[in-house]
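These notes concern the structure reproduced below.
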2 protein chains.
Amino acid sequence: MAGDKGPRRAPQEAVRAVREDIIRGVFAPGERLTEDALAARYGVSRVPVREALRVLEAEGFVEAKPYVGVFVKELSEAEAEDLLELRSVIEPMCAARAAANRTPEQLGRLKELVNLGWDAVREGRLEEVPRLNSRFHEVIAEASGSEVLGQMIRQLSQKIAWVYAVGLTLRAEDSWREHEEILEALAASDSERASALLGQHILRATTAYRRRTRESA
Amino acid sequence: MAGDKGPRRAPQEAVRAVREDIIRGVFAPGERLTEDALAARYGVSRVPVREALRVLEAEGFVEAKPYVGVFVKELSEAEAEDLLELRSVIEPMCAARAAANRTPEQLGRLKELVNLGWDAVREGRLEEVPRLNSRFHEVIAEASGSEVLGQMIRQLSQKIAWVYAVGLTLRAEDSWREHEEILEALAASDSERASALLGQHILRATTAYRRRTRESA
DNA sequence: GCCACCATTGTCGTATACACTCCCTCGCCC
DNA sequence: GGGCGAGGGAGTGTATACGACAATGGTGGC
């Protein structure tokens, strides 16, 4: 099943697969992940799985206890707040550089993502929205031109997506309307406007998250 | 040498060891790291070394090319700027929470680090200063109480130390005097002062770095 | 003399096999 | 009947072995 497509780079694929499954909620927080089960699930040996789990541990998605096993981490309310606050200061910085350094190719990908996002929202396929949301922000990070900044944002964005997925998804239409405005600013190479819009965008997302978590409490 | 002490967790030690060697300049940027050589260097097999290299790749210290090998990354001027700017916004946030959540034990460790730092500076052992510097900031991150924030700062701090180590170390006395003042603010549970001082501290460090890199250019 | 092609070598990628540790269960003793 | 200790099972940690790919050097042809 998994061995027919790409025998070249198994661990990298395993990292993506496990991380996606964690974000999508296939593996619940606190759940124990056995190397053997994951190896069977992805049709590879234990060695690539081990490497993948190590990477995910470094990224903060799982926690490994020696001779016991790896467990999916549990996000507390406080940590979710930290993630959102962190993003609220880093993303505007990123957007300002993206407006200056973006390439036409990246702009095209952003346009495509905005279209896909709108379609998903209109057709009610809300389970696809968080992933598109993450990708939109990842491309902006890539467009900033800074590899360090991009890597930081990438990890952060993935964790944010996780937080959102755990607590369901709301505020989808507004979010994608704002994405569209940000795209326009990037197309016009307007650094200040892009930075300001992204700041507002994150602020509203943060507020929405807080309101939602307080409702559930 | 390595097999007699702890048979429990070899890869974690390998990660620390390789990262330290990269930061200390034992492995120069662009240098090729062979798994076999590292395995022999630390007295373990290739498997733990592979896991360690994967973690370091996720952290951004090395880059792996399939079937070719792993290479120590090369930091550009722009990326160094990004790291410093990133720290300048994250650390004050971290200091404010540390002032509120610190434990007496953590405060004690900070005091000890300040003393060690002063001693190292006075006795002219400047090669030890970057590591103490990193640890000071890492303990503050730990004292913030946020695991997510702590992990972010930890990675960031290590890369900053790397940047500093590559371009030699200056401004040592001022840095540790400022560390002492920050410590006082933390002891007094003064969130605002701690945050403000750390902001100044990072700003001055950034300025010093920029000046130094422009002098060398 | 120069360029292209091929063999060789070195290194990574993966699978298999074994040793050690933790946890759970069963039996024994108090 | 309850608590404690030993034994077995499950799973991780590590080492070894083999296959796959890229880089390099040599040889043949042009």
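Order of the sequence lines sets the chain letters (A, B, ...), proteins ahead of strands, with each chain counted from 1.
- For Arg50(B), the listed nucleotide lying nearest its side chain is dT14(C); candidates were dA20(D), dA15(C), dT14(C).
- We find that Lys73(A) and Glu63(A) are not joined by a salt bridge, their nearest charged nitrogen and carboxylate oxygen being 4.0 Å or further apart.
- Counting to the nearest Å, the P atom of dG13(D) and the CD atom of Glu13(B) are 14 Å from each other.
- Atom P of nucleotide dC12(C) and atom OH of Tyr67(B) are separated by 12 Å, given to the nearest angstrom.
- Residues Leu38(A) and Leu53(A) have side chains in contact (heavy-atom distance under 4.5 Å, counting atoms from C-beta outward).
- Against DNA chain C, the stretch residues 32-39 of chain A makes no heavy-atom approach under 4.0 Å.
- Taking atom NZ of residue Lys65(A) and atom C1' of nucleotide dC23(C), one finds them 13 Å apart after rounding to whole Å.
- In this structure Asp119(B) satisfies the salt bridge (charged side-chain N to carboxylate O under 4.0 Å, His left out) test together with Arg122(B), sequence neighbours excluded.
- Between the side chain of Arg46(B) and the base of dG13(C), a donor-acceptor pair under 3.5 Å is found.
- Relative orientation of the Trp162(A) and Phe61(A) rings is tilted, given thresholds of 30° and 60° on the angle between their planes.
- Comment: Glu128(A) does not engage Arg131(A) in a salt bridge, judged by the lack of any side-chain N to carboxylate O separation of less than 4.0 angstrom.
- Heavy atoms from other residues, nucleotides or ligands lying under 6.0 Å from CZ of Arg109(B) number more than 12.
- Between the CZ atom of Arg54(B) and the C1' atom of dC12(C) there is a distance of 11 Å, rounded to whole Å.
- Atom CD in Glu57(A) sits about 13 Å away from atom P in dT12(D), given to the nearest Å.
- The listed nucleotides are dC23(C), dA23(D), dT14(D); the one nearest the side chain of Val68(A) is dC23(C).
- Atom CG in Leu53(A) sits roughly 14 Å away from atom P in dG11(D) (whole-Å rounding).
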